[in-house]
Chemist: 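I am attaching a structure below and will ask some questions about it afterwards.
These values consider heavy atoms only, across backbone and side chains, with no hydrogens, waters or symmetry-generated copies.
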Amino acid sequence: MDDTVTDGRDEPQTDFSYCCGAITEVLKFGSCRLHSGHKVLFLIIPGNPGVVGFYRTFMQTLHRMFGYHHPVWAVSHAGHCVPPDSMDMVEDVSSAEERDVFGLSGQIEHKLAFLRRHVPRETSLVLVGHSIGSYIILDIMKRNPDLKVLKAVMLFPTIERMAETPQGKVMTPVLCHMRYVAYLPLFLLSLLPEVLKASLIKLVFGGIRSLDHTVVQPTLGLLSGDCAVNAMYMGGQEMRTVLERDNITIKKNLDKLIFYYGASDHWCPVQYYHDIKQDFPLGHFRLCESGFRHAFVLDAGEEVASMVFEWIRGDLRT
């Protein structure tokens with residue numbers, strides 16, 4: 001494996017299309033179209049907000065460490081991106097509303113539709129979920145047990161009792177009852193010049209010493225207004241829906257699952273790690289020893305990707 005290669009294989013491509021009638025952004029390292037020769041695809045399912053640009057460094061590191069052998073893609077949540085000028089947020093407003101594509105269940109169906117449309121059945125998957133992306137992966141595996149999932153890596157997984165967590169107790173009233181109050185300031189922020197918005201973002205992130213500056217541009221997209229509104233709507237449903245852990249799906253797929261819990265994660269307390277480890281003593285559960293934050297993409301994308309590589313390299317001998 002040659003980690004010194006820096007040619008075009010390390011440059012991503014971004015595609016926009018409609019999936020379930022909603023704008024979807026896909027960030028791709030490696031092959032942009034899959035064919036029968038592609039035996040393995042890494043697919044990143046983001047947290048909320050589901051903006052794929054946040055995962056650029058994480059994905060680039062994974063792609064490089066596996067010797068550029070496997071494509072690494074990330075699919076945004078429906079409506080969690082800024083559409084190109086030639087496209088709208090939704091293809092058909094009434095259809096999007098009927099499907100509730102921006103809601104949590106709609107987002108899960110959105111990922112299943114994406115897999116059906118873009119990934120050949122014979123392609124094996126390494127699914128990597130972050131935060132609510134872990135919940136989505138478990139539901140994907142439940143709804144489509146025939147998917148060829150080699151491994152599913154759950155990073156800082158919010159898969160149970162979200163509203164009871166320290167952060168959940170703060171955010172549940174905001175997301176479920178007061179989110180409309182936030183729409184006006186979001187709208188006003190969206191009117192600011194890009195340069196001023198970028199300065200505000202850097203100011204907010206100023207306390208992060210090792211900030212990955214590739215996250216600034218994706219954060220700008222969130223301040224466009226509609227992206228943040230869709231993220232808050234989905235967040236409200238998460239608080240109401242993510243209650244009991246899906247032990248049945250976990251038990252059926254235990255040998256494929258790897259869970260990584262934060263040591264000081266306000267969205268997923270350490271007690272949840274101890275609980276799931278006690279319920280599934282043969283499972284692969286890890287507790288962070290490096291002090292990574294829940295939003296690891298802000299400053300530790302490379303380090304977390306290196307850990308994922310070490311966990312699963314034996315399953316992907318090339």
Chemist: Do Tyr135 and Glu238 come close enough that some side-chain heavy atom pair is under 4.5 Å?
Modeler: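 The answer is no; the side chains never approach within 4.5 Å.
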Chemist: Between CD of Glu97 and CG of Asp92, what distance do you get to the nearest 0.5 Å?
Modeler: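 One finds 9.5 Å between CD of Glu97 and CG of Asp92.
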Chemist: Is the distance between the ring centroids of Phe58 and His130 under 6.0 Å?
Modeler: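 For Phe58 and His130, the ring centres are not under 6.0 Å apart.
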Chemist: Within the side chain of Asn48, is there an N or O that forms a donor-acceptor pair under 3.5 Å with the backbone of Ala231?
Modeler: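 Side chain of Asn48 to backbone of Ala231: a pair is present.
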Chemist: Grouping I, L, V, M, F, W and Y whenever their side-chain heavy atoms are under 4.5 Å apart, do Val72 and Val153 come out in a common cluster?
Modeler: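 Val72 clusters together with Val153.
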Chemist: Decide if the gap between the ring center of His70 and the ring center of His63 is smaller than 6.0 angstrom.
Modeler: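 No - the distance between ring centres of His70 and His63 does not fall below the 6.0 Å cut-off.
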Chemist: Donor-acceptor pair, distance only, cut-off 3.5 Å: does the side chain of Asp88 make one with the backbone of Val90?
Modeler: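 Between the backbone of Val90 and the side chain of Asp88 there is no qualifying donor-acceptor contact (under 3.5 Å).
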Chemist: Does His118, at its NE2 atom, have more than 12 non-hydrogen atoms belonging to other residues, nucleotides or ligands within less than 6.0 Å?
Modeler: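 Atom NE2 in His118 is crowded, with more than 12 foreign heavy atoms closer than 6.0 Å.
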Chemist: Between Glu91 and Tyr18 (side chain of the first, backbone of the second, donor and acceptor by atom type, cut-off under 3.5 Å), is there such a pair?
Modeler: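 Checked: no pair found.
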Chemist: Over all heavy atoms of both residues, which pair between Val52 and Leu27 is shortest? Give the atoms and the distance, please.
Modeler: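 In terms of heavy atoms, the two residues are closest at O-CD2, 3.7 Å.
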Chemist: To the nearest 0.5 Å, what is the distance between OH (Tyr55) and CG (Leu62)?
Modeler: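 It is 13.0 Å, given to the nearest 0.5 Å.
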Chemist: If you define the side chain from C-beta out and look only at heavy atoms, does anything of Ile44 sit under 4.5 Å from Met59?
Modeler: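 Yes. Closest side-chain heavy atoms under 4.5 Å.
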Chemist: Using side chain to side chain contact (heavy atoms under 4.5 Å, CB included), reason through Arg161 and Leu243 one step at a time and then give a plain yes or no.
Modeler: CA-CA 4 Å; Arg161 298 175 281 172; Leu243 304 172; over 6 Å; no
Chemist: Should Ile201 and Val195 be counted in the same cluster of Ile, Leu, Val, Met, Phe, Trp and Tyr side chains packed under 4.5 Å apart?
Modeler: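 Ile201 does not cluster with Val195.
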Chemist: Honestly curious: do Phe114 and Leu127 fall in one hydrophobic cluster under the side-chain, below-4.5 Å linking rule?
Modeler: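 Linked, Phe114 and Leu127 end up in one cluster.
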Chemist: Might you work through the side-chain hydrogen bond (donor to acceptor under 3.5 Å, both in side chains) test for Thr165 and His266, ending with a clear yes or no?
Modeler: CA-CA 6 Å; Thr165 66; His266 296 302; over 6 Å; no
Chemist: Check the side chains of Asp100 and Gln237 for a donor-acceptor pair under 3.5 angstrom, ignoring hydrogens and angles.
Modeler: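 Present: a donor and an acceptor within the cut-off.
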Chemist: Any side-chain donor-acceptor pair under 3.5 Å between Ser105 and Arg143?
Modeler: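 Yes, side-chain donor-acceptor contact under 3.5 Å.
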Chemist: Mark yes when over 12 heavy atoms from residues, nucleotides or ligands other than Ile248 sit less than 6.0 Å from its CD1; otherwise mark no.
Modeler: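 Incorrect, the count does not exceed 12.
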Chemist: With distance as the sole test, does Lys151 use its side chain to make a donor-acceptor pair with the main-chain N or O of Asp255 at under 3.5 Å?
Modeler: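 Checked: pair present.
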Chemist: When rounded to the nearest 0.5 angstrom, what distance separates CD1 in Ile136 from OG1 in Thr158?
Modeler: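 The CD1 atom of Ile136 sits 8.5 Å away from the OG1 atom of Thr158.
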Chemist: Can Lys202 and His213 be said to form a side-chain hydrogen bond (donor to acceptor under 3.5 Å, both in side chains), step by step?
Modeler: CA-CA 9 Å; Lys202 289 174 183 176; His213 289 281; over 6 Å; no
Chemist: Grab the two heavy atoms, one from Leu138 and one from Thr249, that are nearest each other, plus how far apart they are.
Modeler: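 Shortest heavy-atom contact: O-CG2, 3.4 Å.
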Chemist: Between atom CD1 of Ile23 and atom CG of Asp226, what is the distance when rounded to the nearest 0.5 Å?
Modeler: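 The distance works out to 12.0 Å.
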Chemist: Taking distance alone, no hydrogens or angles, what donor-acceptor pairs closer than 3.5 Å link side-chain atoms of residues 278-289 to residues at least two apart or in another chain?
Modeler:
| from | atom 1 | to | atom 2 | distance (Å) |
| --- | --- | --- | --- | --- |
| Asp279 | OD2 | Arg245 | NH1 | 3.0 |
| Asp279 | OD2 | Arg245 | NH2 | 3.3 |
| His284 | NE2 | Arg286 | NE | 2.9 |

Chemist: Just checking Lys277: does its NZ atom have more than 12 heavy atoms from other residues, nucleotides or ligands closer to it than 6.0 angstrom?
Modeler: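 No, the 6.0 Å shell around NZ holds no more than 12 heavy atoms from other groups.
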Chemist: Can you name the closest pair of heavy atoms from Phe16 and Val82 and give their distance?
Modeler: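 Result for this residue pair: CE2-O, 3.6 Å.
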Chemist: Would you find more than 12 non-hydrogen atoms of other residues, nucleotides or ligands less than 6.0 Å from Glu244 atom CD?
Modeler: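 No, because the 6.0 Å sphere around CD of Glu244 holds 12 heavy atoms or fewer from other groups.
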Chemist: Decide yes or no on side chain to side chain contact (heavy atoms under 4.5 Å, CB included) for His77 and Val51, but give the supporting numbers first.
Modeler: CA-CA 7 Å; His77 295 322; Val51 179; over 6 Å; no
Chemist: Of the non-hydrogen atoms in Trp73 and Ser31, which two are nearest, and what is the gap between them?
Modeler: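 Scanning both residues completely, I find the closest heavy atoms to be NE1-O, 2.9 Å.
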Chemist: Please check if the side chain of Thr123 supplies one atom and the backbone of Val119 the other of a donor-acceptor pair under 3.5 Å.
Modeler: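 Pair absent, no side-chain N/O of Thr123 close to backbone of Val119.
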Chemist: Looking at Gln107 and Ala78, would you say the former's side chain and the latter's main chain have a donor-acceptor pair under 3.5 Å?
Modeler: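 Judged by distance alone, yes, a pair lies under 3.5 Å.
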Chemist: Grab the two heavy atoms, one from Val40 and one from Pro71, that are nearest each other, plus how far apart they are.
Modeler: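 In terms of heavy atoms, the two residues are closest at O-CD, 3.3 Å.
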Chemist: Just so I know, are the side chains of Val149 and Met141 near enough to count as touching, which here means a heavy-atom distance under 4.5 Å?
Modeler: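 Yes, side chains in contact.
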Chemist: Inspect the surroundings of CD in Glu98 and state if more than 12 heavy atoms from other residues, nucleotides or ligands are less than 6.0 Å away.
Modeler: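 No - once you tally the heavy atoms of other residues, nucleotides and ligands closer than 6.0 Å, there are 12 at most.
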Chemist: How are the rings of Phe156 and His294 set to each other: parallel, tilted or perpendicular (split at 30° and 60°)?
Modeler: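 Taking His294 first and then Phe156, their aromatic rings stand perpendicular (interplane angle over 60°).
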Chemist: Can you confirm whether Leu115 sits close enough to Leu43 that some side-chain heavy atom of one is under 4.5 Å from a side-chain heavy atom of the other?
Modeler: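 Result yes, sub-4.5 Å side-chain heavy-atom pair found.
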Chemist: Anything under 30° is parallel, anything over 60° is perpendicular, the rest tilted; go ahead and classify Phe292 against Tyr260.
Modeler: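 Rings of Phe292 and Tyr260: tilted, 30 to 60°.
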Chemist: Which heavy-atom pair separates Lys111 from Ser76 by the least distance, and what is that distance?
Modeler: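 Looking at all heavy atoms of both residues, the closest pair is CE-O, 3.8 Å.
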Chemist: Judged by modelled atom types alone, do Ser17 and Asp15 share a side-chain donor-acceptor pair under 3.5 Å?
Modeler: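 No, no side-chain donor-acceptor contact under 3.5 Å.
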Chemist: Carefully, step by step, assess Phe42 and Leu316 under the rule side chain to side chain contact (heavy atoms under 4.5 Å, CB included).
Modeler: CA-CA 11 Å; Phe42 281 75; Leu316 289 161; 3.5 Å; yes
Chemist: So, do Met307 and Glu310 sit near enough that their side-chain heavy atoms are less than 4.5 Å apart?
Modeler: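 In short, these two side chains do not touch, never coming nearer than 4.5 Å.
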Chemist: Decide side chain to side chain contact (heavy atoms under 4.5 Å, CB included) for Asp299 and Val215; before the verdict, give the C-alpha distance in whole Å, the side-chain angles of both, and the deciding distance to 0.1 Å.
Modeler: CA-CA 9 Å; Asp299 57 355; Val215 303; over 6 Å; no
Chemist: Would Leu223 and Met89 show up in the same hydrophobic cluster when neighbours are defined by side-chain heavy atoms closer than 4.5 Å?
Modeler: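 Unlinked, Leu223 and Met89 end up in two clusters.
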Chemist: Without placing hydrogens or testing angles, list every side-chain donor-acceptor pair under 3.5 Å for residues 168-186, not counting sequence neighbours.
Modeler:
| from | atom 1 | to | atom 2 | distance (Å) |
| --- | --- | --- | --- | --- |
| Thr172 | OG1 | Gly168 | O | 2.6 |
| Arg179 | NE | Tyr183 | OH | 3.0 |

Chemist: Grouping I, L, V, M, F, W and Y whenever their side-chain heavy atoms are under 4.5 Å apart, do Phe296 and Trp311 come out in a common cluster?
Modeler: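 Same cluster: Phe296 reaches Trp311 through Ile, Leu, Val, Met, Phe, Trp or Tyr contacts under 4.5 Å.
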Chemist: Could you please spell out the steps behind the salt bridge (Lys or Arg N to Asp or Glu O under 4.0 Å) verdict for Asp246 and Lys251?
Modeler: CA-CA 9 Å; Asp246 185 357; Lys251 184 177 181 180; over 6 Å; no
Chemist: Just how far is it from atom SG of Cys32 to atom CD of Gln13, taken to the nearest 0.5 Å?
Modeler: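 So the SG of Cys32 and the CD of Gln13 are separated by 3.5 Å.
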